[in-house]
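The structure presented is a predicted model; accordingly, all values stated were derived computationally and were not measured. These numbers come from the heavy atoms of this one structure, side chains and all, not from hydrogens, waters or symmetry mates.
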Amino acid sequence: MNNLKNVWIHCRVVSRDSMELLNYQEHVLCEIACQCSLNIVGVSKIISVDNNNSRYQINAMNHAIREQKVDAVLVYTKERISTDKNILDEFTILCDMCHVKFVTYQQLKDALKL
């Protein structure tokens, strides 16, 4: 993970009742990115069961990935992208195709312990 420089932070919750969890995700992900001296290029915060209501934020993140503006997408857990396995798999393939790491909070936290 030493070669990471620019990251996109992606946060998602299912309902507006979970705003504190959305803000918590952003806080801890920004904090750990700073601890690792990573440059935060963008942040997406989505409230939705599916990603259809947040197409603009998903498109902005995907555009940054395709344009090689990020080295990694940082999420709390991979399911924050989507609980739909097909959508999650396609996002993982996009990241692989563009040589962008898909990193969870726990992976980055474990790397800091080394």
Side-chain angles (χ1 to χ4, degrees):
M1 304 233 188
N2 295 341
N3 58 348
L4 300 182
K5 182 179 176 186
N6 297 317
V7 297
W8 186 285
I9 291 176
H10 179 76
C11 310
R12 184 178 66 86
V13 293
V14 175
S15 74
R16 292 201 182 277
D17 295 337
S18 300
M19 273 306 278
E20 70 279 357
L21 297 177
L22 186 66
N23 293 331
Y24 175 78
Q25 285 177 65
E26 180 184 23
H27 172 75
V28 297
L29 293 173
C30 286
E31 189 174 88
I32 200 162
C34 290
Q35 288 175 4
C36 294
S37 300
L38 299 173
N39 180 37
I40 301 169
V41 175
V43 176
S44 46
K45 291 172 67 173
I46 296 172
I47 303 168
S48 175
V49 173
D50 56 27
N51 292 335
N52 293 335
N53 296 335
S54 309
R55 189 56 42 203
Y56 173 78
Q57 291 187 40
I58 297 297
N59 286 344
M61 180 175 59
N62 288 345
H63 179 73
I65 292 168
R66 285 190 176 95
E67 295 294 316
Q68 301 288 302
K69 294 181 180 179
V70 297
D71 301 309
V73 174
L74 181 57
V75 293
Y76 198 81
T77 63
K78 289 188 176 192
E79 293 78 18
R80 295 300 89 202
I81 293 295
S82 179
T83 55
D84 182 307
K85 184 182 177 337
N86 290 325
I87 293 172
L88 182 58
D89 286 348
E90 285 183 10
F91 183 77
T92 303
I93 292 168
L94 172 66
C95 288
D96 287 346
M97 180 181 79
C98 296
H99 309 288
V100 171
K101 300 273 187 213
F102 186 26
V103 182
T104 65
Y105 172 72
Q106 190 62 51
Q107 288 172 319
L108 209 49
K109 192 173 170 183
D110 291 344
L112 278 176
K113 291 179 185 176
L114 299 177

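Rounding to the nearest 0.5 Å gives a distance of 11.0 Å between CD of Glu20 and CD of Gln25. Atoms CD and CZ, on Gln57 and Arg12 in that order, are 12.0 Å from each other to the nearest 0.5 Å. The structure places CD1 of Ile47 at 9.5 Å from CG of Asp17, a figure rounded to the nearest 0.5 Å.
Scanning all heavy atoms of the two residues, the minimum distance from Trp8 to Ser44 falls at NE1-OG, 3.1 Å.
Every pair tested for ring pair (Phe, Tyr, Trp, His ring centres under 6.0 Å) that includes a residue from residues 21-41 fails, sequence neighbours excluded, so the list is empty. Applying the ring pair (Phe, Tyr, Trp, His ring centres under 6.0 Å) definition to pairs two or more places apart or across chains, those involving residues 67-92 are Tyr76-Tyr105, Phe91-Phe102.
Side-chain contact check for Ile46 versus Met61: every heavy-atom pair is 4.5 Å or farther apart. For the pair Leu108/Cys36, a side-chain contact is recorded, criterion being any heavy-atom separation below 4.5 Å from C-beta on. Arg80 has its side chain out of reach of Thr104: every pair of non-hydrogen atoms, C-beta onward, lies at least 4.5 Å apart. Taking 4.5 Å as the limit, every side-chain heavy atom of Val14 sits out of range of all side-chain heavy atoms of Thr83. Proximity of His10 to Ile58: side-chain heavy atoms (C-beta onward) are separated by under 4.5 Å at one or more points.
The side-chain contact (heavy atoms from CB on, under 4.5 Å) with Cys11 is formed by just one residue from the set Leu29, Val75, Leu21; it is Leu29.
Judged as a side chain to side chain contact (heavy atoms under 4.5 Å, CB included), and not counting sequence neighbours, the contacts of Ile40 are Val7, Ile9, Cys30, Ala33, Val43. Here Glu90 pairs with nothing under the side chain to side chain contact (heavy atoms under 4.5 Å, CB included) rule; sequence neighbours left out. For Asp84, the side chain to side chain contact (heavy atoms under 4.5 Å, CB included) partners are Ser82, Asn86, Ile87, not counting sequence neighbours.
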What side-chain donor-acceptor pairs closer than 3.5 Å can you find for residues 62-69, not counting sequence neighbours?
| residue | atom | partner | partner atom | Å |
| --- | --- | --- | --- | --- |
| Gln68 | NE2 | Cys98 | O | 2.7 |

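Taking hydrophobic clusters as Ile, Leu, Val, Met, Phe, Trp and Tyr residues chained together by side-chain heavy-atom distances below 4.5 Å, Ile93 does not share a cluster with Val73.
Between the side chain of Asp71 and the main chain of Lys5, a donor-acceptor pair closer than 3.5 Å is present.
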